[in-house]
Amino acid sequence: MSNEVAGKSRLWRSSRLSVAPMMDWTTRECRYLHRLMSKETLLYTEMVTAPALVRGGALHLLDHDPGEHPVALQLGGSDPTELAEAARLGAEAGYDEINLNCGCPSDRVQSGAFGAVLMQSPELVADCMAAMAEAVDVEVTVKCRIGVDDQMPEEILPGFLEQIRAAGVSRVTIHARKAWLQGLSPKENRDVPPLDYELVHRMKAAFPDMHISINGGIATLAEAEAHLARGLDGVMIGRAAYHQPADVLCAADPRIFGSGEASDPVEVVQQMLPYIEREMQKGARLHQVTRHMLGLFAGRPGARQWRRHLSEGVSQKGAGPELVEQALRLVVARAA
C-alpha cells in the first residue's frame, strides 16, 4: 500500500467523526485540547484564505503542533492557481488533508467570491479541486451547503457532487442547510434555514462511491451514531464540540471508532498544563489557551466555579498554569 493510499485510508476512518472548522474557535490551541480528548477524531483548522498565504505570505497561519494529527487545513478561495499554491503550502506544512470551504455565508467571504457563493459555480469548484489535487499528494475535500438562496437543493446538489467527483474529489462534508446570502447574518445562517438530513442521506444512496459526512445541528454522540447506523460515512460536529467538548469527544474513541477508552476531562486538564507552560514561554497569553477550555466541565459538578475562576483570574498579572490548577481543584472538590 502506497503512503498516499494508506494516508487516505486513515483519514476516511478518522472522518467518521470530525470537529467542524470554526472561525476564531478551532485555533491550534483548541485543536491541541481536542486531541487530548480523542486520539481518533479528525480535526480542522479555522478557514485560512488562499490569498493570505500566497499573496500575503502569512505562513504563520499554518502553524500547528505535531500532536494535532490527524488534522486538516481548510482553505477559502476561488482562484484555481492560487488555491493550488495554497494547498501546496499546506501540504508542505504537514497537513493530512486540504479542504475547500464552499459553505461559509459571511459577507467578507462573499466579497472574496468564495465560501457558500461557490455553490452557484460548480464548474469553478471543480476546476479549483482539480488544480489542488494536481498540486498535492494529500487528499483534497469539499465542505458545502445543500444550496444557496432560491436554489432547489434536490436539483442542484446532485449536479454539484457530480462535478466535484469528476474532478477527483471522493470525500465531501455536507452542511444540511441552505445558506441565504442575502437577508440572513452568518449567525442566523447556522440556525434559521431548516435542516434537511434526509437529502444528505439520499445523496449517499445516489453516490455510494463517495465518502459523505453530514454536518449541521448535531449535538451528541447518540445523534452521530444514528446517522452512521443509517449508512453515512461520517458526522461533523461544530458548536457542541466546542461548548461541551467532553460530552462529544471524551467518549468518541470507544463509541465511534471502537478503540481505546473514554478520556477523563480532569486528566485532560492535567495534560494541558505542560502545553500551557510551553506556549507561554513562547510568548502566548494564558487566555489564548484557556478560552477554549471554559466549557470543559459543562453539565458537570463544579462547572460554574471552573469557568468563573478562569475567566476572572486570566487577566491578573503573572497568571499562568497555576491558575488552571487552582480552578481544577475547585472542580475536583465540588465533584467529591
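As the structure is a prediction and not an experimental result, all values here were calculated from the model.
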Validation row, ring centre H292 to ring centre Y32 under 6.0 Å: no
Residue pair F207 / P158: nearest heavy atoms and the distance that separates them: CZ-O, 3.4 Å
SB check E92 R88 (cutoff 4.0 Å): yes
Check: S121 side chain, L124 main-chain N or O, donor-acceptor pair, under 3.5 Å: no
For A87 against L75, the heavy-atom pair lying closest together: N-CD1, 3.7 Å
Nearest-0.5 Å distance that lies between atom CD in Q281 and atom CD1 in I276: 12.0 Å
Flag, side chain of N101 to backbone of G115, donor-acceptor distance under 3.5 Å: no
Residues forming a salt bridge (charged side-chain N to carboxylate O under 4.0 Å, His left out) with D24, sequence neighbours excluded: R291
Close side-chain approach of V169 and H211, heavy atoms under 4.5 Å: no
Pair Q120-F160, side-chain contact (heavy atoms from CB on, under 4.5 Å): steps then yes or no: CA-CA 9 Å; Q120 298 172 333; F160 183 88; over 6 Å; no
Exceeds 12 heavy-atom contacts within 6.0 angstrom, atom CZ of R255: yes
Any H287 side-chain heavy atom under 4.5 Å of S315 side chain: no
Side chain to side chain, C250 and M37, heavy atoms closer than 4.5 Å: yes
Spacing of L33 atom CG and L249 atom CG [to the nearest 0.5 Å]: 8.5 Å
Donor-acceptor contact below 3.5 Å, side chain S38 vs main chain T41: yes
V148 backbone acceptor or donor facing Q151 side chain under 3.5 Å: yes
Which atom of G77 lies closest to which atom of L118, heavy atoms considered: O-CD1, 3.6 Å
Shortest non-hydrogen contact between L286 and V324, atoms and distance: CD1-CG2, 4.4 Å
Interatomic spacing from CG in D127 to CG in L83 - rounded to 0.5 Å: 11.0 Å
R304 atom CZ: more than 12 heavy-atom contacts under 6.0 Å: no
Sub-4.5 Å side-chain heavy-atom contact between E277 and M280: no
Y95-H64 aromatic ring centre distance below 6.0 Å: yes
Any donor-acceptor pair under 3.5 Å from W12 side chain to R171 backbone: no
Distance, nearest 0.5 Å, that separates OG of S18 from NZ of K143: 9.0 Å
Under-4.0 Å salt bridge between R35 and D65: no
Within 6.0 Å of CZ in R300, more than 12 heavy atoms from elsewhere: yes
Pairing of R13 and E40 as salt bridge, 4.0 angstrom limit: yes
R177 and D196 ion-paired at < 4.0 Å: no
Sub-4.5 Å side-chain heavy-atom contact between E154 and R202: yes
Residue pair I256 / E225: nearest heavy atoms and the distance that separates them: CD1-CG, 3.7 Å
Parallel, tilted or perpendicular: ring planes of F297 versus W306, cut at 30 and 60 degrees: perpendicular
T45 side chain vs Q74 backbone, donor-acceptor pair below 3.5 Å: yes
Full working for side-chain contact (heavy atoms from CB on, under 4.5 Å) between V125 and C102: CA-CA 8 Å; V125 175; C102 296; 4.1 Å; yes
Heavy-atom side-chain proximity of V266 to Q270 below 4.5 angstrom: yes
Any donor-acceptor N/O pair, R145 side chain to G103 backbone, under 3.5 Å: yes
Exam field: side chain N215 to backbone I174, donor-acceptor pair closer than 3.5 Å: no
In one Ile/Leu/Val/Met/Phe/Trp/Tyr side-chain cluster, 4.5 Å: L294, L330: no
Backbone N/O of L73 and side chain of N99: donor-acceptor pair under 3.5 Å: no
4.5 Å side-chain heavy-atom contact, V117 and L181: yes
Close side-chain approach of T141 and I98, heavy atoms under 4.5 Å: no
Reported CZ-to-NE2 distance for the pair R31 and H69, which is rounded to 0.5 angstrom: 9.5 Å
Atom of I237, atom of I218 and distance for their closest heavy-atom approach: CG2-O, 3.3 Å
Pair I164-V172, side-chain contact (heavy atoms from CB on, under 4.5 Å): steps then yes or no: CA-CA 9 Å; I164 64 173; V172 60; 4.2 Å; yes
Trace of the side-chain contact (heavy atoms from CB on, under 4.5 Å) decision for V136 with E139: CA-CA 8 Å; V136 299; E139 189 175 12; over 6 Å; no
Main-chain N/O of I212 paired with D233 side-chain donor or acceptor, under 3.5 Å: yes
Donor + acceptor pair across side chains of E97, Y44 (<3.5 Å): yes
Positive for salt bridge (charged side-chain N to carboxylate O under 4.0 Å, His left out) with R28, one of E279, E68, E46: E279
Interatomic distance, L328 atom CG to E267 atom CD [nearest 0.5 angstrom]: 10.5 Å
